[in-house]
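First the proteins, then the strands, lettered A, B, ... as listed; each starts at 1.
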There are 2 protein chains.
Amino acid sequence: MANFTIGQASDASHVKVTTIRFYEDRGLLGKPPRTASGRRIYDATLIARLRFIRHARDLGFSLDDIGDLLALSDDPTRNCSAADSIAQQQLHEVRTRIAQLKALEAELSRMVTSCGGGAVVNCQVIESLADHAHCASDHPRS
Amino acid sequence: MANFTIGQASDASHVKVTTIRFYEDRGLLGKPPRTASGRRIYDATLIARLRFIRHARDLGFSLDDIGDLLALSDDPTRNCSAADSIAQQQLHEVRTRIAQLKALEAELSRMVTSCGGGAVVNCQVIESLADHAHCASDHPRS
DNA sequence: CCTTGCTTCTACAGCGACTGTAGAAGCTAC
DNA sequence: GTAGCTTCTACAGTCGCTGTAGAAGCAAGG
């Protein structure tokens, strides 16, 4: 198995050098071996782990969730229902967030199209912001 | 015009006491008058301002944007095109975010439904996370 | 061999928008 | 008078990084 510097690991995983060190700090990578002069050494296994983290982050998982998912994947004999439920939960959160954002989109779009371009005193954007009652529909806290 | 304590202002605006002080710190509220013993005093104008901020935050505007919108609404003779463009920009960001989240939703949903419930060694969730190539479609960084 | 310029190292501060904490002081009701 | 709430200031913590400073390592060219 070939060895890589942190920079090479960064290129291979598309995780920035500083972010790799940050993940190590957060306990997601363990403590990689070092050269005599103290530089970190990475192998293909660690790079796969970085890619896993990167992919999970892209999908919106928190670092805590990712820690749990990595622990599961480190022990392949365990049942995957825990992994499944983390992913289910994440899917649920994404769907909730989409619904929220759609409500915001409707409201913003209504606000923007009703702006006639006159003076602020008549501006529908300012007006709508000043009074929630102007909203066509309710929208949640994000 | 009636006067309110910070707690009453909080109840009336649905902005938490600590958050009101935080907004003041950020220059969104000016420096409210104080009682002899140093407690903040709010009137209906300030409470309307708090509601404006709250509503704009609910719609996802940043505090910086809200500062700009408040400055516009403080000077009602100005043209509202600036307000319009801030709102347009926000609408654009919300739409972008919705599109991103829909891609995540598709991927997560694919992941979750393909999970047969066996051992981790065969888990599609873990598998998909480990390898982006398993993804049906691309998904962006959030 | 020596310099140049890139990479890596540690340690810490900063982002946004709050939230939580500590400890003191004021204020209201019984 | 005292119990218990509110308010005050000032600062630390949240999340997931990003940026900074200053020092040291390392590879290539002269």
Asker: Of the nucleotides dC18(C), dC9(C), dC17(D), which has the atom closest to the F22(A) side chain?
Answerer: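 Output: dC17(D).
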Asker: Are R21(B) and D25(B) ion-paired here, with the side-chain N under 4.0 Å from a carboxylate O?
Answerer: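 D25(B) and R21(B): not salt-bridged.
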Asker: Between P on dG16(C) and CZ on F61(B), what's the gap in Å once rounded to a whole number?
Answerer: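 Between P of dG16(C) and CZ of F61(B): 18 Å.
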Asker: With a 4.0 Å cut-off on N to O distance, would you call R49(A) and D74(A) a salt bridge?
Answerer: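 Result for this pair is yes, salt bridge flagged.
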Asker: Rounded to the nearest angstrom, tell me the gap between atom NZ in K16(B) and atom P in dT21(C).
Answerer: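 For the pair K16(B) NZ and dT21(C) P, the rounded distance is 12 Å.
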Asker: May I ask you to decide whether E105(B) forms a salt bridge with R95(A), counting only side-chain N to carboxylate O separations under 4.0 Å?
Answerer: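 Yes.
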Asker: Applying salt bridge (charged side-chain N to carboxylate O under 4.0 Å, His left out), can you list everything that pairs with R26(B), at least two apart in sequence or on another chain?
Answerer: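 With sequence neighbours excluded, R26(B) shows a salt bridge (charged side-chain N to carboxylate O under 4.0 Å, His left out) to no residue whatsoever.
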Asker: So do the side chains of F52(A) and L70(A) get within less than 4.5 Å of each other, counting heavy atoms only?
Answerer: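 Yes, their side chains come closer than 4.5 Å.
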Asker: Can you tell me which nucleotide in dC17(D), dT19(C), dT7(D) comes closest to the side chain of I6(B)?
Answerer: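 Taking heavy atoms from C-beta onward, the closest nucleotide is dT7(D).
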Asker: According to a strict under-4.0 Å criterion, is R57(B) in side-chain N/O contact with OP1 or OP2 of dG16(C)?
Answerer: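 No.
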Asker: Nearest whole angstrom, please: distance from the P of dC26(D) to the CD1 of I41(A).
Answerer: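 That distance rounds to 11 Å.
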Asker: R21(B) or S62(A): which one's nearest nucleotide on DNA chain D is closer to the 5' end?
Answerer: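 Nearest nucleotide further toward 5': that of R21(B).
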Asker: Under the salt bridge (charged side-chain N to carboxylate O under 4.0 Å, His left out) test, which residues partner R51(A), sequence neighbours left out?
Answerer: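 Salt bridge (charged side-chain N to carboxylate O under 4.0 Å, His left out) check on R51(A) returns nothing, list empty.
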Asker: T18(A) side chain N/O closer than 4.0 Å to the phosphate oxygens (OP1, OP2) of dG19(D)?
Answerer: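 Indeed not, no polar side-chain atom of T18(A) lies that close.
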Asker: Whether Y23(B) contacts dA17(C) is assessed here as follows: a side-chain N or O lying under 4.0 Å from the phosphate OP1 or OP2. Is that the case?
Answerer: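 So the side-chain polar atoms of Y23(B) never come under 4.0 Å of the phosphate oxygens OP1 or OP2 of dA17(C).
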Asker: So which one's nearest nucleotide on DNA chain D is more toward 5', T5(B) or D64(A)?
Answerer: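 Looking at the nearest nucleotide for each, T5(B) comes out on the 5' side.
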Asker: Separation of I66(B) atom CD1 from dC18(C) atom C1', in whole Å?
Answerer: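 My rounded result for the distance is 13 Å.
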Asker: Decide yes or no for Q124(B) and T113(B): does some side-chain heavy atom of the first lie under 4.5 Å from some side-chain heavy atom of the second?
Answerer: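 SC-SC contact between Q124(B) and T113(B) ruled out.
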Asker: Do any of residues 24-40 of chain B sit with a heavy atom less than 4.0 Å from DNA chain D, and if so which?
Answerer: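 When residues 24-40 of chain B is checked for heavy atoms under 4.0 Å from DNA chain D, the hits, listed by number, are R34(B), G38(B), R39(B), R40(B).
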